[in-house]
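Working notes, structure below.
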Amino acid sequence: MKRRDVLQLALTAAALAPLGRLAFAATGDAWEAAFLKAMADEPWLLGYLGCDDRAFEAAAEVTGRWPAALRGRLYRNGPGMHSFGGWRYRHLFDGDGLVQAWHFDAGGVNHQARLVATHKLERERAAGRRLLPGFGSLPPDAVGVTGVDDLNPANISVLPHGDRLLALWEAGSAWALNPQDLTTEGLVTFSAETRGLPFSAHPRLEPDGTLWNFGYLASADKLVLWHFAPDATLKRVKVLEVPRVGMPHDFMVTRHHLLLLLPPLYPEPGGDADTLLDSLRWHPREATRVLVLRKADLEVAGEMELPAQWVFHYGNAWEDEAGVIRFDAARAPDPLLMTESFRELMRGADADFTTSAARPYRYRVDLRAGTAVEEPFADMLGEFPSVLPRHVGSRHGELVMLVRHASDTPRHDGLDRVSVFDLEREIESSWRYPDTEIPEEHLPVETADGSRWLLGPALDWASGHSLLRVFRLDDVAAGPVATARLPYAVPLGLHGRFLAG
Amino acid sequence: MTRNEETGQGLDDATLARACRTAAVTVFVSTLLLLMLLHAAPAAHAAEVRVVIEDVRSTSGVLRVQVLTATDAGEGPAVAQLMLPAVKPQVRATLHDLEPGRYAARVHHDLDGDGEMATNLVGMPTEPWGVSNDARGRFGPPPFKDMVVEVGVDGGELRMTLVH
């Protein structure tokens, strides 16, 4: 063992001690034991260890010059508690939602995080063990369910909506939180007829405050469309019959349309699969359908085909002068990252993060011609695309993504850079993270004075601290202008939103 | 994974009135007396079956209970339909003169009293419901066989917790 490795191991152990987790090795769950063993050799796995049933609160130590105009809250969500009662989830997407708030004001940068007190978690807390099946996990002696919200861990994203903060999952209802202290207020019902309808984790918020979302019912071949006014009241909801709707994760809005890709991944009914994940079948010879809907009447405007592909996330879509829709996305050849790698990761197995990883692609969809075409626009791996809130639904000058160049070989085997793509001039500006850090979703923001920033959370796995970096959006290659460091490590999260003020 | 059992059938007042006219059974509801229905003639080996509904959270509307026979093939005909006042947190009733056998039950808390199970836009129940044994499916409706209760000559109990 190299000296550097010994040092890293020692540091990781120190970071772990407050989590009190090493005791789990004795509980007899093979996955928990395998994960902890693997983490001793691969200390970056700290990002996927998960937290205990606890809350976090601390002031961050800021170095550099935090922009004075950058005030507000960065909310983030992601699977936080992977192990409970001595049993570890079998998939990355099953952990209980851990909602974080980074709050920047004149007093500095403060952080807090809380697990969403879902029905599921409250029942499991009372029992002292896991009770409910997850997307890819079936705990021993699991209880049956009466509906998807029995399983809802509220663990993918977050959305300030009206005077509430919503914690979002993919297949069920939103959970409402208090935006000040992150305490859980309850399951959200927007109206009696929409109670229990799925409200996905990637709603699109237009610059005027109009909110759109969708939800799918894979086993019923239905697509739910949601339309909210800027004051957060529900304007319209529509349920469409969409055969083989599958499990679309994200969607887009343009001036006149809503757009989804429907990858050929479907649950196979009637099998003896233990979990929803086990019931999914990928059909590589089928098309990934492009479904375009009119905003005006929420009816189908067109359906085109692309080669089979899996897309978690889109950057943004817009319509050019000729009415052709253009968008960008993180395109993967298949869903194996989700169906295999994110499962293996939970036992610390040497999961392949690259073969089925997503790459930056751009697309043109011509409704009149009935065509959809795609091309890669950067030869690298890339995920977590995002644009300035002002650009949602209209032409976006730049796109932010986490990427990995072909020459990069980060120890953690994931994405190791943040890049800002100038889409007009086709220039990439990139900053590579130190090998001891794993970057998380980066969000571009604008402040009231018109300055443009990039908010970059990350985990320093070597020292066991979570970070938030601020970059100039127009010069990310220069590196961060400020870094806020927490006294603890928070599990790697998924998606966030910034609320200025 | 989003299908839900639509539970309980609406009971309109005319059906209930007919049931009352022909019924020869009384039902006990906590200390409240209420209504019921049943086969007209007491069976030779009559058993007493308690119906217990837990976690009633509102006094609005009524609880509509359907008691079903279980056959080897699955769900058999209904033998009783009860309309019970909603009392927090638990409602109890007793069915007399059921023949020993295998039974199951469903309950619907008809909060608005319209006789219909309210549903959302995709047909999922939005009023509280329950089934005997609190049977649960994994990704779909509860399997009927898990709702079945054996009733012997000494009687039995159909217990269910409302799902809200």
Side-chain angles (χ1 to χ4, degrees), chain A residues 119 131-135 138 142-152 170-173 186-187 189-199 215-226 234 236-241 245 247 267-280, chain B residues 1-8 53-58 60-61 74 89 104-149 159-164:
Chain A
H119 291 151
L131 295 174
L132 279 307
F135 165 64
L138 182 66
V143 300
V145 300
T146 61
V148 284
D149 280 325
D150 286 5
L151 330 173
N152 184 343
E170 174 162 310
S173 303
L187 202 63
T189 300
F190 292 111
S191 69
E193 64 173 11
T194 62
R195 186 179 165 199
L197 293 188
F199 190 84
Y216 62 78
L217 292 121
S219 57
D221 285 338
K222 286 186 170 66
L223 187 68
V224 181
L225 301 170
W226 302 85
L234 180 59
R236 287 185 294 171
V237 63
K238 184 152 188 168
V239 178
L240 289 178
E241 297 284 335
V245 66
M247 304 173 64
E268 300 283 319
D272 56 356
D274 276 346
T275 63
L276 177 63
L277 174 65
D278 290 333
S279 77
L280 297 178
Chain B
M1 66 191 277
T2 49
R3 274 180 304 146
N4 269 273
E5 179 80 336
E6 177 163 331
T7 55
I53 299 150
E54 306 276 12
D55 202 19
V56 180
R57 296 185 190 170
S58 166
S60 298
R106 299 181 180 125
V107 60
H108 158 214
H109 189 167
D110 186 6
L111 290 168
D112 57 12
D114 69 350
E116 302 279 335
M117 167 57 88
T119 63
N120 68 13
L121 289 172
V122 297
M124 293 154 57
T126 56
E127 288 179 318
W129 59 272
V131 297
S132 45
N133 290 339
D134 291 336
R136 298 287 181 262
R138 188 174 293 165
F139 299 121
F144 183 78
K145 64 178 174 51
D146 294 345
M147 296 164 52
V148 174
V149 172
R159 181 178 285 269
M160 54 212 121
T161 308
L162 289 183
V163 174
H164 296 271

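To find a chain, count down the sequence lines: A is the first, B the second, and so on, and within it residues start at 1.
Smallest separation of non-hydrogen atoms from B/His164 and A/Arg195: C-NH2, 2.8 Å. Of all heavy-atom pairs between B/Asn120 and A/Glu193, the closest is CB-O, 3.0 Å. Of all the heavy atoms in B/Arg136 and A/Thr146, the pair that sits closest is NE-CG2, 2.9 Å.
Between A/Leu217 and B/Val122 the shortest side-chain heavy-atom distance falls below 4.5 Å.
With a 4.5 angstrom heavy-atom cutoff, A/Leu138 touches chain B only via side-chain atoms.
With chain B as the partner, the residue from A/Leu197, A/Val224, A/Thr194 showing the most heavy-atom pairs under 4.5 Å is A/Leu197.
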